[in-house]
Amino acid sequence: MAVERSEILIIGGGNAGISLAARLLRDGFDDVALVAPQPVHRYKPLLNYVGAGEATMADLERPMADVVPHGCRWIRDAVDAVDPVAMTAHTRGGRTLHWSTLVVCPGLVEDWDATPGLLQAYADGWAASTYVPGSAPQVWPRLSALRSGSVVFTVPPEPASCAPTALKPLLMACDSWRRAGVLSDLDVRLVLPGAAATGLAEADRILEGRFADLGIEVLRQSRIERVDWDTHGLVLTGGRGLEDVTFAHAVPHYRAPHWVADAGLAADSSPGLADIDPETLRSRRHDSVWAIGDAADAATRPSGGGLRKQVDVLAHNLAAARKGKKLKRYDGYTVLPITVDRRKLMLDEVDRDGKASPSVPFLDPFVPRRSTWLFDRYGLPQVYWRRILRGRV
């Protein structure tokens, strides 16, 4: 089979891959190929609103063919091996793809093996999460029907895509239960992988107040080690057991696709994130390889807002590298939008060092506001479809 050649080969058809391809084409690159097998593109931040009954899957899905930018060659296949020395990628369908420049942005995959029994609990219907698109539509019907019993929510350990936003379904559900007058009849527990929800002092002060106000029991520095799916039991770090769980919004652990580490592009085999200079986004091991998004070790929490900055830096750097010019630096900006109830949200915009970095000057990003909730739920999706995916932001 003939080798297919591209000046720039992008692996991954999520926000990172599509928006970067569009930006590069707008910047004058004329040979851009995108490898992505999925037929549907999702605006994933809205999945949390699906889990709160405030959005539907139709609100966040578009056919992939409609979002791949004009002029980009879409290779509808999945990469299963990469050879950075030969500068080739091999696909599940048997194709060999050669690049001059490779951009790795495949996102993360569920690591079901890290939590034995969790996948069976999903199949049994008493566990689900907004992080797993196929299960997201099950979350709100289960949560809204609860009037008593034990319910558990988890924030996933990193790496995970914008992990603290897993608090959104918890806090919106508790607000709904309070309005329905049943919150006091529910035992609500939150399992955190760290000592605090975000590690950002200003955000955590507000969130701790909400946890106390809503009567949420917080289990810190803990995670689900095993699920006894048939008895509705959870075994946490240290051996603590939670029995007779009525429903668990249990987010699985995540890792990069195995081929990233197998290709020697990662510093370790698990979680296998692409090993890059976090400022230039270039591989520490191969000059022709770059990476952005959830599967890249950019020394900051991944988020859609952070990705917009990464795309801007990387587009500049690909052009600069071609001309031998100075590379631009990414400061690690990220944003962790968290709803504190069904109608208020705080943005939590920070740089790599955790210092506030508001996109709107003089607006404190840690203050929950109805206006930021409205923008997160209704405004940003329109910006995403109309501008971000078209390389205009």
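Being a predicted model, the structure only gives us computed values, none of them experimental.
Looking only at distances, a side-chain donor or acceptor of Asp204 sits under 3.5 Å from a matching main-chain atom of Leu200. Within the 3.5 Å criterion, the main-chain N or O of Pro156 finds no donor-acceptor partner in the side chain of Thr154. In this structure, the side chain of Arg142 engages the main chain of Gly125 through a donor-acceptor pair within 3.5 Å. A donor-acceptor pair is defined here as one N or O able to donate and one able to accept, closer than 3.5 Å; such a pair exists between the side chain of Arg210 and the backbone of Val340. Here the side chain of Thr246 pairs a donor or acceptor atom with the backbone of Ser150 at under 3.5 angstrom. A donor-acceptor pair is defined here as one N or O able to donate and one able to accept, closer than 3.5 Å; such a pair exists between the side chain of Ser283 and the backbone of Arg285. For Asp111 (side chain) and His253 (main-chain N/O), no donor-acceptor pair under 3.5 Å exists by modelled atom type. Judged by distance alone, with hydrogens and angles left aside, the side-chain atoms of Ser357 form no donor-acceptor pair with the main-chain N or O of Val350 at under 3.5 Å. In this structure, Arg255 contributes its side chain and Ser269 its backbone to a donor-acceptor pair below 3.5 Å. A donor-acceptor pair is defined here as one N or O able to donate and one able to accept, closer than 3.5 Å; no such pair exists between the side chain of Thr88 and the backbone of Pro84.
From Lys309, atom NZ reaches atom OG of Ser303 across 10.5 Å, with rounding to the nearest 0.5 Å. The line from CE of Met87 to CH2 of Trp99 is 7.0 Å long, rounded to the nearest 0.5 Å. With rounding to the nearest 0.5 angstrom, the CG atom of Asp187 is 11.0 Å from the CG atom of Asp244.
Residues Asp294 and Ser161 have side chains that bring a donor and an acceptor to within less than 3.5 angstrom of each other.
Residue pairs satisfying the side-chain hydrogen bond (donor to acceptor under 3.5 Å, both in side chains) criterion with at least one member in residues 219-232, sequence neighbours excluded, are listed as follows: Glu208-Arg220, Glu225-Thr237, Arg226-Asp228.
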Please walk me through it: do Asp59 and Tyr49 pass side chain to side chain donor-acceptor pair (under 3.5 Å)?
CA-CA 10 Å; Asp59 294 328; Tyr49 289 106; over 6 Å; no

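In this structure Arg42 satisfies the side-chain contact (heavy atoms from CB on, under 4.5 Å) test together with Val40, Lys44, Met57, Leu60, Glu61, Pro133, sequence neighbours excluded. Among residues two or more places apart in sequence or in another chain, the ring pair (Phe, Tyr, Trp, His ring centres under 6.0 Å) test is passed with Tyr384 by His41, Tyr43.
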